[in-house]
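Here the structure is laid out as structure tokens; the discussion comes afterwards.
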Amino acid sequence: MAALPICLNFEGDFVLQLVGVDTEDTMDQVAEKCAHHTVNRRVAPQPEKVMRVRLHGSSESYPRDMKVSDAHWRLTETIDVIFADK
Amino acid sequence: MYQIPREEWYDLTRAVNWTPKYVTEEELFPEEMSGARGIPMAEWETYDEPYKVTYPEYVSVQREKDSGAYSVKAALERDAYVDRADPGWISTMIAHYGAISVNEYGASTGEARMARFAKAPGNRNMAIFGALDENRHGQIQLYFPHANIKRSRQWDWAHKAMHTNDWAAIAARSFFDDIMFTRDAVAVSIMLTFGFETGFTNMQFLGLAADASNAGDHTFASLISSVQTDEARHAQQGGPSLKILIANGKKEEAKKLVDVSIWRAWKLFSVLTGPIMDYYTPLEHREQSFKEFMVEWIIIQFERQLADLGLDAPWFWEDLTNDLDITHHGMHLGVYFWRKTVWWNPAAGASPEDREWLEEKYPGWNKTWGKCWDVITDNLNNDREDLTLPETLPYVCNMSQLPIVGMPGDGWEVKDYQLELDGRLYHFASEADRWCFEQDPERYKQHQNLIDRFLTGQIQPADLSGALLYMSLGPEEMGKDAHDYEWAEGFKNKNKVG
């Protein structure tokens, strides 16, 4: 269990942001922590969709229950959080 | 008494050179300060500045300019224009003074480097005037805002800003350190005067003087005009240096200095001038959009000047042109959202009328930038100001030191350009920012941007309040909405009517 700073790129937003996550967080928890700094601040919520996490620029999202520690992110790794149907 | 006509003695006095007897030429002009790049002295003696002036002429003109600007200030002070000016215009002045005044003093040392170390006698001669210019610009742009300190402590940031770790000050210092404090005389002539001043300062000041006049601020207009006319002269020092480098087989090196300087200047311009022209200047006083201004005064001018020198436009020219629809909108939104981290009060410039103008000037604005502003506006109109303020830091580019921004909303495209070096992950806002870094990694790699400082524990407490302390922003100094959210009211009424 360790804090890990990441660089967030949230769908629909205009700026990358510094966000702190924990290596024990699941990808769903990462998405929630990221949404706190973006959704309802500069990006409108999309309640009918789920938020998925992927490595910046990748087309594949991580499994929602995957832990951060299993993603082998570098310090300040950049991730995308996108709205998806499931 | 008979005076020899100017044209008979001018060339002799401006081209003074001598053969050193007590020291060697290398000792007199150390390479790291002079930057002659192996080009012989005889070649540097061909340096021919296009604008020539004698000392008596210089002093006489400067005296006139100073007495004009100071007289206007004295006369209009009684009029108390500042007390009735639009708050967006006040913010323009406060932002400008903080970002520029102390750097003018800095530019004086850059000029002094050329005055002492340039091997080209003509450059040394011109740079003496340049150093005097910049000294005057520093003085006048500290003196004018000083009169307003009684109105708000933010005016004090004319002097204070560059001595703090405010993010905007870090960005400005990073740029000016790179182009004028830590370069040899030849590089300074190219990066400071050609790359930065010709295109950006000189032209920006022209635009700003016109905006000031339109806004009825004749004090600021006369001040800026008096500065701009100096810039127009001393910005011409880089051209002759470039000609000599190109004629002596150093074209690629010359081009690299130009390209790095233009890109870095553009980024600073996008955060300082972009928001002022498209958002802070009251709608009725806006003549050109920032994009129109950039295309007319910067893009076309540079293309012409580079072509005259036989240089191609920089490889990133298309990227820069495309950026005119993106970067400054992002910088403005960032400055507005993180408004507590700046020393001026950002004007949102996002009322229904403003947005109509923005959509006309930047088709698609409402579906992209407007989407973010919609959320901000709704929050303000639903008493949720807290959601219009940040709880973390924006990620900052390792080259420009400015937030990494891109297109939001329906056209979402925000990209991080990465580089891993010696086990450290660097983040850049664009291909061109990363390219600048890659031209000389040893020069840039140790620099810590604001995020690096945060992550290494230099900012305490490690949250936004610690960041504000680190930036030396007191409660009376940190920015707030320039119009106290009045602009958002228009949407409330619109909804009611609808």
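The structure presented is a predicted model; accordingly, all values stated were derived computationally and were not measured. Letters A, B, ... mirror the listed sequences (proteins, then strands); counts begin at 1.
Here the side chains of B:Phe454 and A:Leu18 are in contact, with some heavy-atom distance below 4.5 Å. The shortest distance between side-chain heavy atoms of B:Pro408 and A:Asp13 does not fall below 4.5 Å. Two residues are said to be in side-chain contact when any heavy atoms from C-beta on lie closer than 4.5 Å; A:Ile6 and B:Tyr395 fail this criterion.
With a threshold of 4.5 angstrom between heavy atoms, B:Leu455 approaches chain A through side-chain atoms but not through N, CA, C or O. Using a 4.5 Å cut-off between heavy atoms, B:Glu413 does not touch chain A at all. Of the atoms belonging to B:Asp410, not a single heavy atom falls under 4.5 Å from chain A. When heavy atoms are compared at a cutoff of 4.5 Å, B:Leu333 approaches chain A by way of both its backbone and its side chain. Neither the backbone nor the side chain of B:His329 comes within contact range of chain A; no heavy atoms are under 4.5 Å apart.
Going from atom CZ of B:Arg384 over to atom CZ of A:Arg41 covers 8.5 Å, rounded to the nearest 0.5 Å. Atom CD of residue A:Glu11 and atom CH2 of residue B:Trp412 lie 5.5 Å apart, to the nearest 0.5 angstrom. Taking CG from B:Leu425 and SG from A:Cys7, the interatomic distance works out to 8.5 Å, rounded to the nearest 0.5 Å. A distance of 12.0 Å separates OG1 in A:Thr78 from NZ in B:Lys415, rounded to the nearest 0.5 Å. If you take CD on A:Gln17 and OG1 on B:Thr392, they are separated by 6.5 Å, rounding to the nearest 0.5 Å.
Interface check for chain A: of the options B:Val396, B:Ile326, B:Asp374, B:Leu393, the most heavy-atom pairs under 4.5 Å are formed by B:Leu393. In terms of heavy-atom pairs under 4.5 Å with chain B, the best-connected choice from A:Asp80, A:Val43, A:Thr76 is A:Thr76.
In plain terms, the two heavy atoms of B:Val375 and A:Ala44 that are nearest each other are CG2-N, 3.6 Å.
Residue pairs meeting the salt bridge (Lys or Arg N to Asp or Glu O under 4.0 Å) criterion with at least one partner in residues 330-344 of chain B, sequence neighbours excluded, are absent.
For the residue pair A:His37 / B:Glu391, no side-chain donor-acceptor distance below 3.5 Å is found, with atom types taken as modelled.
Using a distance-only test at 3.5 Å, with no hydrogens or angles considered, no donor-acceptor pair links the side chain of B:Trp373 to the main chain of A:Arg42. Looking only at distances, no side-chain donor or acceptor of B:Asp416 sits under 3.5 Å from a matching main-chain atom of A:Leu16.
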